[in-house]
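Below you'll find the structure, written out as structure tokens, and then a few comments.
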Amino acid sequence: MNTPVYDYLISYAESGTLRMHMPGHKGKKTGNELSEIFRLDLTEITDAGNLFSDEGIIAESERNATELFGTKATFYSTGGSTQCIQTMLALVKREGRKVIAVRNVHRAFLSACTLLDIDPEWIMPEYTDTYVSGQIPLGAVEEKLKAYPNACLYVTSPDYLGAMADIRTLVDLCHRYGAVLLVDNAHGGLLPFYSENRHPVHLGADLCCDSAHKMLPALTGAAYLHVGNERYVSKVKEAMLLFASTSPSYLITCSLDLCNRYIADEIRKRLADAVKWTDELRMTVEKRYVISYPAFDREDLHFTVNAAKSGIKGASLAAYLRENGIEYEYADDTYIVMLFSPCDDHDAYLKVADVLMKADFIPEYPKEEKFHLPPPQKILTIREAAFRGYEEIPVTKAAGRICASLDLPCPPAVPIAVSGELMTAELAEIMQSFGIEKVRVVKA
Ligand SMILES: Cc1ncc(COP(=O)(O)O)c(C=O)c1O
């Protein structure tokens, strides 16, 4: 696969052209530790194209990504999935659609609602032991779609634990009621390349975003916005411009360009190995630990240990992993998530297995309680509350007040309460159990 962005950046770096333009580092090795890569860091000079143009080297590279992902069109974002989520929501807002969202959204959704003044209708997942992940109740989805014809359904799949929703069924439901399906697939960039393609757009979603930087070899900030519905193809770039910097990073764009070559040349073989090694790892550690198997399906390289059910507090297991040279993606008292990628070699799997199996603890099992998140009580819209004056108070004193914005545990940055909602003693208690001590509430 050709790499038009990378090829151009190299040829410019080697051309000896006098750079009478930005960036100020001028592509020179300045002694700054990062200056090795300055030579490839450009701005929109005549032949370098433009992220928001339909022509030029970036558009050509995006067409390569479109072919690899098998979408109607795939666009690059240098502002992560966050910028893609803003763009997707701007597109449906313009069509006047009501946004119905399954509650375990990432904060990127909430900030987009704040910016765009979207007042979502929530669907509460069926939680078992955490608010981060839960099954989507299809009956509740259908009721909402009936109540709000021609709406937009927004779901997060895979979620932070790697659990995936039944996208095909959600697509059928949405399309039956004239709705479009938007998927936050930030964690699912690998899904088209496993032996079975389970990518949301392949399964019929109208729009979806993948953070390339999460699971693929791309720089932080690199993401894709994929279009499954022809109607949006010509509208994405102009909508993304509302939120994007006018100087999107060429290094990030170049990393997506090179990621295309990686996908074309090696990802399938590497993923086949990665799946085999994660299966072996699961089989080994299942002798001592409970591995999370979500109800419907899971993203294969999210390695999620249910610490609580394994008889150890998540926080203790997390500390033990760090002491033994393993940094995890996410941990709370119930779950630990470790992320593999096709770039990990076999040794990484062996090390995780070895460290987990050597952990020295006598299992103690907490009383099993079903996690319950009370239904939200909206007083103000997200935007109204976010732009009011606020004060920060101890969470223990928050009952009866209105959330302004929240310090979400990050990761996973999934809300327990959303700005504009009434704080209750029950919510305050849940927040405390996730280590949140202070909250911002709307000034009285
Ligand atoms: C589920 C989910 N959605 C969206 C985002 C935002 O993605 P990005 O960091 O690429 O902007 C994240 C980031 O952690 C996430 O976990």
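Since the model is a prediction, treat every value here as computed from it, not as a measurement. First listed ligand is number 1; within each ligand, the first listed atom is number 1. Scope of the values below: all heavy atoms of this structure, side chains included, with no hydrogens, waters or symmetry mates.
Of all atoms in ligand 1, listed by their number and element, those nearer than 4.0 Å to a heavy atom of T156 are 1 (C). Near G80, with a cut-off below 4.0 Å to any heavy atom, the atoms of ligand 1 are 10 (O), 11 (O). When each atom of ligand 1 is checked for a heavy atom of H213 under 4.0 Å away, the hits are 8 (P), 9 (O), 10 (O).
Among S211, A186, A223, S111, the residue whose heavy atom lies closest to atom 10 (O) of ligand 1 is S211.
Judged by the 6.0 Å distance and 45° axis criteria, R198 is positioned over the aromatic ring of Y194.
When hydrogens are left out, the protein atom nearest atom 11 (O) of ligand 1 is T82 OG1, 2.5 Å; that is the closest non-hydrogen contact. Closest protein heavy atom to atom 14 (O) of ligand 1: K214 NZ, 2.8 Å. Annotation: atom 16 (O) of ligand 1 to nearest protein heavy atom, H187 NE2, 2.8 Å. The closest protein non-hydrogen atom to atom 3 (N) of ligand 1 is D184 OD2, 2.5 Å. The single protein non-hydrogen atom nearest to atom 15 (C) of ligand 1 is H106 CD2, 3.3 Å, given as residue, atom name and distance.
Under the side-chain hydrogen bond (donor to acceptor under 3.5 Å, both in side chains) test applied with N2, the options D7, N260, D257, N64 reduce to a single match, N64.
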Review point. Would Y224 and F75 count as a ring pair (Phe, Tyr, Trp, His ring centres under 6.0 Å) if you check the C-alpha gap in whole Å, the side-chain angles of each, and the deciding distance to 0.1 Å?
Key: CA-CA 6 Å; Y224 304 104; F75 299 100; over 10 Å; no
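Heavy atoms from both the backbone and the side chain of S81 come within less than 4.0 Å of ligand 1.
Ring planes of F434 and Y131: perpendicular class, angle over 60° (limits at 30 and 60°).
The shortest heavy-atom contact between S77 and M240 is CB-CE, 3.9 Å.
You'll find the ring centres of Y328 and Y335 outside the 6.0 Å limit.
S53 and N50 share no side-chain donor-acceptor pair at under 3.5 Å. Side-chain polar atoms of E121 and Y148 form a donor-acceptor pair below 3.5 angstrom.
Among the atoms of Y160, none of the N or O lies under 3.5 angstrom from an N or O of ligand 1.
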